Amino acid sequence: MTKRTDKKNIKKEKIKRVAMPEQDPGKRKKNFNEVALGYTEEDALREASRCLQCKNPKCIEGCPVGIDIKSFIKLIQEKKFNEALGKIRERNSLPAVCGRVCPQEDQCEKACILGIKDSPVAIGRLERYAADRELKRKVQRPEEFASPEITKQCTREKVAVIGSGPGGITCGSELAKLGYRVTIFEALHKPGGVLVYGIPQFRLPKEIVRREIDYVKSLGVKIEVNMVIGKILTLDDLFSEGFKAVFIATGAGLPRFMGIPGENLNGVYSANEYLTRSNLMKAYKFPRYDTPIIRGDKVAVVGGGNVAMDSARVAKRLGAKHVYLIYRRSEEEMPARNEEVKHAREEGIEFKLLASPVEIIGKDGWVHKVRCIKMELGEPDDSGRRRPIPVEGSELNIEVNVVIMAIGQGPNPLLASTIQRLELTGQGNIKADPDTGKTNIEGVFAGGDIATGTATVILAMGAGKNAAAAIDEYIRTSIW
Amino acid sequence: MYKIVKKEKLAEDIERFYLKAPLIARKAKAGQFIVIRINEDGERIPLTIAGHNRSNGTINIVSERVGKTTALLSSLKKGDSIIDIVGPLGNASEIENFGRVICVGGGVGTAPIFPIARELKKTGNYVISIIGARRKDLLILKKEMENTSDELHICSDNGSIGYHGFVSGFLKEYLEENLTGNADKKKDITRVIAIGPAVMMSAVAEVTRPFNIKTIVSLNSIMVDGTGMCGACRIEVGGETKFVCVDGPEFDGHQVNFDLLLSRQKIYCDHEKECMSLYKHKCGLPE
């Protein structure tokens, strides 16, 4: 054989996308430990080696916050892990979070050239590896990372951010990097928004969120918890206290119910309540923690999004023998990430597709059965998905003792209702310019779910980032 | 952290806590509530603000020892702190000159009725207060209510003080006496505000219904965040689902589905018992 054919053979020997090590489904459905265990260094180097280092990298265009993906993967290839993390952090302050919960398959990885003929580079897993590596070292060698609190002195104008979820955190950290004095106001007792109250431990460990928030604080961002803006301080109070601009990122904190009979029976939860009890209040550790949660042995979850998957998987871990996921369309139309659907199936969640509850039947004030009607799919609707149509006379009862409504969240009206001149959409979202976050009130910006309706962590982060740039420009130029 | 600057015993198992919370004190209005969490493992519970002092930056709450969280609160002393207080939450009471109003306080519900009675009095109302307790030594805030009311009527379940019976029973007799019969003796009552256990508020609403007197009740449902995010506190008012935390806590008593409220208040009964016995065991208290 000549050298030439040798080379050809090596090129032909394709490296397969490195699988994510996971906890065994049989074991993990009984604990709240993280499901995806993360790459080893060997895994990461192997996966990074698949990157072609395209001249014109499409992946970066696919990222809502524009991470220089090509460069950070190059740095991983060179084993320069700290530098790789630094490269990510130039554009994203929450890499350990995004590496876990971003829908990469619809963003950066969707754009990856390798994906045309093969699987795309596992960009999310590499991002997570870089971030976790530092977190791990912080635990092992804390002395190297001593005094992370407020390492930077910010001296420019004061900016207020309302809400410490992904949008607020991103806006705040971007502004702090520019030297602004940022205060983030959080209504709950822990910062992180949906990252702490919504996404379960087994998908996003709270320790990870806490450490990412520590990093944001180290940029000089001040976070005040227990502050319900609109109640303890009004928007006008913030301006009179010297804040030059306000970014509203209060998220989608209004649970939706179906409006069917029996929804107020004991044992019916909004997904928001169910997840908040379990995640934020640690009800899964009751009675070691004081917050209770009903552990039904038969649980119905209504909905087909990520929140529905999270609720179903929490119910399973709380000991339910049967968890039924009731969704009115087919699996194809489910808005949840494929990975979440797969994980839910592996853990034994029973899918009741093409069905929709019409009534919850009670017994002595408690949930006893959920009455569903079968659906069939008609023509596509405004969302492009086929519209579900009830099949007359097809009602059936499913015996359950807990029902969790995970059919979406609306914008929480609490803050907006205290700012009378603020313009809202018909759905109650804040009207904001999609590029800058500017609202109709000078100095007031909004972004994330409160402006767009429920979306993803990374889109809220993108909105936070854009708003930060617009806030900077507004404060520098005073031009609205 | 929020410091307990003063603690007073009002009756057996009932205490008043003065908490340093200047920002909340600055905004608090009669009828609003706070959500507290005592320690890192603690649950979030709502408590009505029983008073506030803007000049020294304190608010006060009155708590009756009934479950683990209130027992834990009761174990704290002056100088101790609780980790979280959120507020002021909910809508303030409607305060204007209605004319003749009746304020009804049952048990520990007398504490939140007091600031409302005081505001109503200040606004020029003729305030008739009816307060009650199971027995004489459990009656709270008698002096304060006396000072802020044009008439004060006291009831006790066992007759150890005042009217022998429930506040709702007294109210019924009072209304019959004052609103029926001789037309020129009639003294119009424009509003009744009742705060206390759900059964008591329900009974008051039933008493006033035939007289067609606007009756406001302040509901004490189970909550988590207190900002409209979870829906744990949902109830039905006039057939519509409402959230007590953001739509209330005060509602038209004639429209409230009290059966549902009572049922929903019992969701975690077994959990509460389990928690309490664990706590007693831990503290070496008799079970």
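Given the structure is predicted, the values throughout are model-derived calculations rather than measurements. Heavy atoms only: backbone and side chains are in, while hydrogens, waters and symmetry mates are out. Quick note on labels: first sequence line is chain A, next is B, and so on, each numbered from 1.
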| So what's closer than 4.5 Å to chain B heavy atoms on A:F257: side chain, backbone, both or neither? | side chain
| message | Is any side-chain heavy atom of B:F243 closer than 4.5 Å to one of A:P255? | response | yes
| note | If one checks every heavy atom of A:K231 against chain B at 4.5 Å, the contacting part turns out to be both
| said: Taking NZ in B:K78 as the centre, count heavy atoms belonging to other residues, nucleotides or ligands within less than 6.0 Å. Is the count above 12? | reply: no
| query | Are any side-chain N or O atoms of A:S270 and backbone N or O atoms of B:C230, one a donor and one an acceptor, separated by less than 3.5 Å? | reply | yes
| said: Would the distance check show the side chain of A:N226 and the main-chain N or O of B:D84 forming a donor-acceptor pair, the cut-off being under 3.5 Å? | reply: no
| message | Side chains of A:P292 and B:E274, heavy atoms from C-beta outward: is any pair under 4.5 Å? | response | no
| query | Given that the side chain runs from C-beta out, which part of A:L414 has a heavy atom under 4.5 Å from chain B: side chain, backbone, both or neither? | reply | side chain
| field | Interface moiety of A:S417 toward chain B, non-hydrogen atoms closer than 4.5 Å | value | neither
| request: Find the one option among B:L260, B:V35, B:N257, B:D225 whose heavy-atom pairs under 4.5 Å with chain A are most numerous. | output: B:L260
| Is it the backbone or the side chain of B:R264 that comes under 4.5 Å from a heavy atom of chain A, or both, or neither? | both
| task | Can you tell which part of A:E263 gets under 4.5 Å to a heavy atom of chain B, answering side chain, backbone, both or neither? | result | backbone
| So which part of B:R44 gets closer than 4.5 Å to some heavy atom of chain A, the side chain, the backbone, both or neither? | both
| For the residue pair B:G42 and A:M281, what are the closest heavy atoms and their distance? | O-CE, 3.5 Å
| query | Taking it one step at a time, do A:F286 and B:C275 satisfy side-chain contact (heavy atoms from CB on, under 4.5 Å)? | reply | CA-CA 8 Å; A:F286 179 91; B:C275 234; 3.7 Å; yes
| said: Looking at B:K27, I want to see if its NZ is surrounded by more than 12 non-hydrogen atoms of other residues, nucleotides or ligands under 6.0 Å. | reply: yes
| Using a cut-off of under 4.5 Å for heavy-atom pairs, which of B:R26, B:E43, B:M229 has the most such pairs with chain A? | B:M229
| message | Are more than 12 heavy atoms, taken from residues, nucleotides or ligands other than B:K29, located less than 6.0 Å from that residue's NZ atom? | response | no
| query | Hey, does B:Y279 have a side-chain heavy atom less than 4.5 Å from the side chain of A:D290? | reply | no
| request: Go through the atoms of A:L233 and report whether side chain, backbone, both or neither lie under 4.5 Å from a heavy atom of chain B. | output: both
| query | Any donor and acceptor pair, going by atom type alone, linking the side chain of A:N264 with main-chain N or O of B:R234 inside 3.5 Å? | reply | no
| note | By residue number, those in residues 12-21 of chain B with heavy atoms under 4.5 Å from heavy atoms of chain A are none
| If you tally heavy-atom pairs under 4.5 Å against chain B, which of A:V225, A:V268, A:L280 wins? | A:V268
| Crowding at OH, B:Y2 (>12 non-hydrogen neighbours, <6.0 Å) | yes
| A:H189 and B:I83: side-chain contact (heavy atoms from CB on, under 4.5 Å), yes or no, with the steps? | CA-CA 9 Å; A:H189 57 261; B:I83 58 173; over 6 Å; no
| Could B:E40 and A:K190 be called an ion pair, given the rule that one side-chain N must be under 4.0 Å from one carboxylate O? | yes
| field | Salt-bridge present (B:D41, A:R288; N to O < 4.0 Å) | value | no
| said: So for A:L265, is it side chain, backbone, both, or neither that comes closer than 4.5 Å to the heavy atoms of chain B? | reply: backbone
| message | Testing the basics here: between B:I222 and A:R277, what is the closest heavy-atom pair and its distance to 0.1 Å? | response | CG2-NH2, 3.7 Å
| request: For each of A:D237, A:L275, A:T276, A:I293, tally heavy-atom pairs with chain B at distances under 4.5 Å, and name the one with the top tally. | output: A:I293
